[in-house]
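Contents: one structure, followed by commentary.
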Amino acid sequence: MTKDAVAVVILAAGQGSRMQSDLPKVLHRLGGVPLVAHALTAARSLEPEQIVVVTGHSAELVSQALAKLDPEAAIALQAEQLGTGHAVRQALPALEGFEGRVIILYGDTPFITGDTLATLASHPADLTVLGFEAEDPGRYGRLVVTAQGLERIVEWKDADTATRQIALCNSGVMAMQASLLRQLLPRLTNDNAAGEYYLTDLVALARSEGLHADVVTCDEEETLGINTRAELARAEALFQARARARALEDGVTLTDPGSVWFALDTVIGRDAVIGPNVVFGPGVTVESGAEILPFCHLEGCHVSAGATVGPFARLRPGAELGGDVHVGNFVEIKNSVLDEGVKVGHLTYLGDARVGEHTNIGAGTITCNYDGVMKHRTMIGPRAFIGSDTMLVAPVRVGADAMTGSGSTITEDVPDGALAIGRARQVTKPGLALRLMAALRARKEAR
Ligand code: UD1
Ligand code: CA
């Protein structure tokens, strides 16, 4: 059997009013990234031909975020939220010409795995629904299963007492051929307790056509939806617990796992050591054997093997640390490449810089990279020695094997091998300190 082509529709038009937020629900962050990024990641693992995200509430904000998260995803607008079935119908134009299986999922259920979606995609029924045994079925739609398979889905609002006893619930994830979706969606009505076009009614419609519907089940955790800030916080705890467990399994040392925070895409190599209270924002890779000491914040950066970072260091987007680089306390690095063996021990800001191998950056060095309007680059060659408290006023270049004197403000390029000193010459007045203090004390007493 050849694998069917797959397309994924992600529903994200709802307001999420219970979040009590001006931010649309799917843009609230979990694991350092917007909720919808989790659904996108699961969707992409299927290598789909097309992903369509249905937006509605704050569609513009959601579209802007999607352009960054997945520029290839198509966006369909559902101007009015008339139900999940109506939402999927808005995605049909973006799926024009697509023949294959369509998977529908929600943008606010972050724990759905690619494996589960793959199982659904390859399931042989005409229509497959992802169900779960709910510990507390509450207001979920109930799956009515008979010997012939899945017969229908009944929404809680429309269910009688007997149906409400069913513990097998609808996760909302569904799969079927695109042709079937096109055939059935226009036939949905909103003749129900909510007055909405229910996607779930597709099951009964398919059955009335003599087609076969079936259920694939997964753990309840996977279908966990986010509706409130409390649920978001619980989901974050669950996400972090899983990420920590995975890192430990992968051979990463976490001295105090509970205080390390991961993002969805954090990658850490085997035998890396991560100290307590380290936060990984999105886009971080740490190679094998690197060490991140306590209280560091990393985002959008790469740390090579043998490097040590922190304690109390901040690596911002574009920080690239080569092998055996040492970044010490109260150092901030942004959009800068540090070649092998560079040492930046203390109290330094490097922004928009390139530092050659084995260069030593003294305490208190600052790349003055911003003139109030534009950012400029600082280029420092290999084996250079930047004296403590050097201000490097960019754009500026310090050559290979060059030095800067402590306390220098470097505004002009320094050639290879040169020593540049840019500070006022020291003036020493013998005895003046004693005389000055005596004069000041006398003035105070005279008051
Ligand atoms: C839905 C299912 C229910 C299932 C539950 C699982 C239907 C009719 N019911 O109910 O069987 O147990 O999910 O969580 O499908 N959305 C839109 N446009 C709309 C309406 C919803 O994009 O017009 C999106 C929402 O943003 C959300 C998702 O679809 O991501 C689900 O909508 P929601 O209103 O939460 O559905 P439920 O009533 O919870
Ligand atoms: Ca819901």
Side-chain angles (χ1 to χ4, degrees), residues 8-19 21 23-28 34-36 38-40 42-43 52-59 61-63 66 75-92 103-112 127 129-144 150 152-159 163-164 166-174 184-185 188-205 213 215 217-218 220-228 231-232 235:
V8 181
V9 175
I10 300 176
L11 302 189
Q15 180 181 20
S17 45
R18 289 162 67 201
M19 295 295 284
S21 176
L23 192 68
K25 177 161 71 175
V26 290
L27 296 189
H28 280 263
L35 266 182
V36 69
H38 292 254
L40 282 168
V52 188
V53 183
V54 180
T55 64
H57 273 280
S58 312
L61 279 180
V62 178
S63 301
L66 287 168
I75 295 168
L77 181 69
Q78 186 194 24
E80 250 188 303
Q81 282 66 63
L82 304 178
T84 47
H86 179 261
V88 177
R89 208 172 160 185
Q90 313 312 308
L92 288 182
I103 315 267
I104 298 152
L105 64 141
Y106 298 163
D108 61 358
T109 50
F111 294 116
I112 285 284
L127 191 164
V129 169
L130 182 66
F132 63 101
E133 294 280 345
E135 200 160 301
D136 169 19
R139 290 168 176 253
Y140 285 115
R142 304 299 208 271
L143 302 185
V144 180
L150 178 61
R152 61 201 155 91
I153 305 179
V154 185
E155 288 305 297
W156 182 84
K157 279 187 185 166
D158 303 291
T163 309
R164 286 182 183 177
I166 298 173
L168 186 61
C169 295
N170 175 29
S171 69
V173 186
M174 210 181 261
L184 298 184
L185 277 178
L188 289 177
T189 66
N190 63 353
D191 182 15
N192 52 51
E196 288 182 2
Y197 295 89
Y198 291 161
L199 183 66
T200 46
D201 284 348
L202 291 188
V203 174
L205 282 174
V215 181
T217 56
C218 68
E220 180 165 8
E221 243 177 33
E222 250 192 82
T223 72
L224 199 98
I226 313 293
N227 297 299
T228 63
E231 283 171 7
L232 182 63

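Counting starts at 1 for both ligands and their atoms, following the listed order.
Of the polar atoms of Asn170, at least one N or O is found under 3.5 Å from an N or O of ligand 1, judged by distance alone. Residue contacts with ligand 1: Gly14 is placed with a nitrogen or oxygen under 3.5 Å of a nitrogen or oxygen of the ligand (distance criterion only).
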Between His86 and Glu196, does the side chain to side chain donor-acceptor pair (under 3.5 Å) criterion hold? Intermediate values first, please. CA-CA 8 Å; His86 179 261; Glu196 288 182 2; over 6 Å; no
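In terms of heavy-atom proximity, Gly107 sits nearest to Ala39 at CA-CB, 4.3 Å. Looking at every heavy atom in both residues, Lys25 comes nearest to Leu35 through O-CD1, 3.5 Å. Scanning both residues, Leu185 and Gly85, for their nearest heavy atoms gives CD2-O, 3.6 Å. Of all the heavy atoms in Ile226 and Glu231, the pair that sits closest is C-OE1, 3.6 Å.
Under a 4.0 Å criterion applied to the non-hydrogen atoms of Asp108, ligand 1 contributes the atoms 27 (C), 30 (O). Atoms of ligand 1 found under 4.0 Å from any heavy atom of Leu11, numbered from 1 in the order shown, are 22 (O), 24 (C), 29 (O), 30 (O). Below 4.0 Å from some heavy atom of Ser171 lie the following atoms of ligand 1, by number and element: 6 (C). The ligand atoms of ligand 1 that sit less than 4.0 angstrom from a heavy atom of Thr84 are 7 (C), 8 (C), 15 (O), 20 (C), 21 (C), 29 (O), 31 (C), 32 (O). Proximity to Ala87 (heavy-atom distance under 4.0 Å) selects the following atoms of ligand 1: 17 (C), 18 (N), 22 (O). Atoms of ligand 1 found under 4.0 Å from any heavy atom of Ala13 (numbered from 1 in listed order, with element): 17 (C), 18 (N), 22 (O), 26 (O). Every atom of ligand 1 is numbered from 1 in the order shown, and the set under 4.0 Å from a heavy atom of Gly141 is 3 (C), 4 (C), 11 (O), 12 (O). Listed by number with element, the atoms of ligand 1 under 4.0 angstrom from any heavy atom of Tyr198 are 8 (C).
The side chain to side chain contact (heavy atoms under 4.5 Å, CB included) test with Val9 singles out one residue from Ile103, Leu199, Val54, and that residue is Val54. None of Val203, Ile153, Ile166, Leu168 except one satisfies the side chain to side chain contact (heavy atoms under 4.5 Å, CB included) rule with Val144; the exception is Ile166.
With a 4.5 Å cut-off on side-chain heavy atoms, Leu105 and Val8 count as touching.
Glu220 contributes a side-chain N or O that, together with a main-chain N or O of Glu135, makes up a donor-acceptor pair within less than 3.5 Å. Judged by distance alone, the side chain of Ser171 and the main-chain N or O of Leu130 form a donor-acceptor pair under 3.5 Å.
In this structure, Gly83 counts as a contact residue of ligand 1, since one of its heavy atoms falls inside 4.0 Å of the ligand. Under a 4.0 angstrom heavy-atom cut-off, Leu82 registers as being in contact with ligand 1. Taking 4.0 Å as the cut-off, His86 does not count as a neighbour of ligand 1 on heavy-atom distance.
At a 4.0 Å heavy-atom cut-off, ligand 1 does not touch Asn227 at all.
When the heavy atoms of Lys25, Gln78, Arg18, Glu196 are ranked by distance to atom 17 (C) of ligand 1, first place goes to Gln78.
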